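In what follows, a single structure is set out as structure tokens and then discussed.
The shown structure was predicted, so the numbers you read here are calculated from the model rather than taken from an experiment.
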Amino acid sequence: MRLYAIVAAGGFRRHATYRVATAAGVFTNTVFGFIMAYTYIALWDERPQLGGYDLSQALTYVWLGQALLMTCAMMGGGFEDELVERIRTGDVAVDLYRPADLQLWWLAGDLGRAAFHLIGRGIVPMAVGALAFDLAMPASPLTWLAFLVSVALGVVVSFAVRFLVALSAFWLMDGAGVIQMAWLAALFFSGMLLPLNLFPGVLGEVARALPWSSLLQVPADVFLGTYSGAGLLSAYAFQAGWAAALLAAGRLLQAVATRRVVVQGG
């Protein structure tokens with residue numbers, strides 16, 4: 001495990017070196033936060049308590065989305081492009097023969113990336129939003145801790161989806177199209193555009209049951225105090241269940257891809 005801790009720390013340091021890009025990202029997240037906040041204000045003025053949120057909760061949801069956009073890689077920007085390129089060029093064969101698990105290696109690096117973005121691109125926009133608007137900030141430290149646990153589970157779910165997407169390059173050779181489809185699905189079904197509670201009927205039920213809801217909708221509801229007690233455990237179980245299922249699927253696909261590389265290499 002020490003190896004993967006070092007890889008995670010390296011992932012954090014790697015993204016911390018891009019200071020100008022981080023500053024630009026903070027600015028962009030903050031600007032979009034204001035745009036979406038005033039859009040939500042207009043919408044909630046017409047429909048108070050929409051989706052079960054009051055205006056303060058709705059605005060909090062907006063700024064949480066900006067804080068978690070890069071943390072949970074809802075628009076990509078993680079390891080998947082690099083892994084697809086290594087698959088395309090054949091360099092992944094070297095990775096598969098290393099005395100380290102391919103999935104755990106990339107997961108560790110992605111956790112380091114997510115930790116940096118939560119701090120580097122999450123705190124400032126959230127703080128600006130709290131200064132500009134009346135946000136529903138948790139009073140209890142336990143709620144903050146519960147939120148961070150939910151975010152961590154959301155990051156693992158996000159990684160597991162993107163790992164599957166990247167491995168598709170073993171068969172497609174160009175994962176650009178699949179990656180784009182994946183981040184479009186993540187934006188829509190995570191609740192980034194609108195809270196999933198606003199989705200009507202069957203669409204809402206399906207959207208809330210898909211893994212992408214773990215990226216924003218579930219952590220946001222934990223932050224807003226929607227879940228408590230058994231409900232909170234149920235939310236964690238939902239996220240952990242999807243994480244386990246998707247990681248297992250990724251491990252199976254990795255095994256198939258490894259066998260293919262060995263056969264072709266032989």
Side-chain angles (χ1 to χ4, degrees), residues 33 36-37 40 43-44 47-69 71-74 107 110-111 114-115 117-119 122-123 125-127 129-130 133-161 186 188-249:
M36 294 188 68
Y40 273 45
L43 184 58
W44 258 257
R47 298 282 301 276
Q49 297 298 323
L50 188 60
Y53 299 136
D54 60 27
L55 180 58
S56 180
Q57 290 173 319
L59 291 174
T60 304
Y61 186 97
V62 166
W63 291 100
L64 285 172
Q66 295 306 309
L68 297 181
L69 178 63
T71 302
C72 292
M74 285 176 251
L107 173 59
D110 201 57
L111 289 174
H117 282 305
L118 182 62
I119 298 171
I123 292 177
M126 194 71 187
F133 302 96
D134 180 22
L135 302 188
M137 306 296 282
S140 172
L142 293 178
T143 303
W144 285 94
L145 179 60
F147 167 70
L148 291 177
V149 172
S150 184
V151 169
L153 289 171
V155 170
V156 176
V157 172
S158 173
F159 164 82
V161 171
F188 187 77
F189 289 112
S190 66
M192 186 67 202
L193 301 180
L194 279 174
L196 301 183
N197 295 344
L198 274 62
F199 287 20
V202 175
L203 176 60
E205 293 177 7
V206 171
R208 288 188 290 271
L210 292 174
W212 293 286
S213 65
S214 298
L215 278 57
L216 173 57
Q217 184 68 59
V218 175
D221 282 337
V222 171
F223 188 89
L224 294 171
T226 303
Y227 298 114
S228 61
L232 180 60
L233 293 178
S234 177
Y236 286 162
F238 172 80
Q239 291 180 289
W242 269 118
L246 292 168
L247 288 173

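Nearest heavy atom pair, residue Pro138 against residue Phe223, reads CD-CZ, 3.2 Å. Pairing each heavy atom of Arg208 with each of Leu196, the nearest pair is NH1-O, 3.0 Å. The two residues Ser213 and Pro219 make their nearest non-hydrogen contact at O-CD, 4.2 Å.
By the 4.5 Å heavy-atom criterion applied to side chains, Trp212 and Phe188 are not counted as neighbours. Contact check for Gln66 versus Met192: side-chain heavy atoms found under the 4.5 Å cut-off. Considering only heavy atoms from C-beta on, Val155 comes within 4.5 Å of Leu111 through its side chain. Proximity of Val218 to Asp221: side-chain heavy atoms (C-beta onward) are nowhere separated by under 4.5 Å. With a 4.5 Å cut-off on side-chain heavy atoms, Phe147 and Leu64 count as touching. No side-chain heavy atom of Val149 sits less than 4.5 Å from a side-chain heavy atom of Val222.
With rounding to the nearest 0.5 Å, the separation of CG in Leu43 from CG in Leu198 is 7.0 Å. With values rounded to the nearest 0.5 angstrom, Thr60 atom OG1 is found 9.0 Å from Leu55 atom CG. Atom CG of residue Asn197 and atom OH of residue Tyr53 lie 4.0 Å apart, to the nearest 0.5 angstrom. Rounding to the nearest 0.5 Å places NE2 of His117 at 13.5 Å from CD1 of Ile123.
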Test Leu215 against Val157 for side-chain contact (heavy atoms from CB on, under 4.5 Å), laying out the working first.
CA-CA 7 Å; Leu215 278 57; Val157 172; 4.1 Å; yes

Evaluation steps, side-chain contact (heavy atoms from CB on, under 4.5 Å), between Tyr61 and Met36
CA-CA 10 Å; Tyr61 186 97; Met36 294 188 68; over 6 Å; no

May I have the step-by-step check of ring-ring contact (aromatic ring centres under 6.0 Å, His included) for Phe199 and Phe189, ending in yes or no?
CA-CA 10 Å; Phe199 287 20; Phe189 289 112; 7.3 Å; no

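The main-chain N or O of Ala136 is found under 3.5 Å from a side-chain atom of Ser56 such that the two form a donor-acceptor pair. In this structure a side-chain-to-backbone donor-acceptor pair under 3.5 Å is missing from Ser190 to Leu216. Here the side chain of Thr71 pairs a donor or acceptor atom with the backbone of Ala67 at under 3.5 angstrom.
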List the atom pairs, donor and acceptor, that lie under 3.5 Å between side-chain atoms in residues 235-249 and the rest of the protein, sequence neighbours left out.
from: Tyr236; atom 1: OH; to: Ala146; atom 2: O; distance (Å): 2.7
from: Gln239; atom 1: OE1; to: Ser150; atom 2: OG; distance (Å): 2.9
from: Gln239; atom 1: NE2; to: Ser150; atom 2: O; distance (Å): 3.0
from: Gln239; atom 1: NE2; to: Ser150; atom 2: OG; distance (Å): 3.3
from: Gln239; atom 1: NE2; to: Ser214; atom 2: O; distance (Å): 3.1
from: Trp242; atom 1: NE1; to: Ala209; atom 2: O; distance (Å): 3.0

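The aromatic rings of Tyr40 and Trp44 sit parallel to each other, their planes meeting at less than 30°, with 60° as the upper class boundary.
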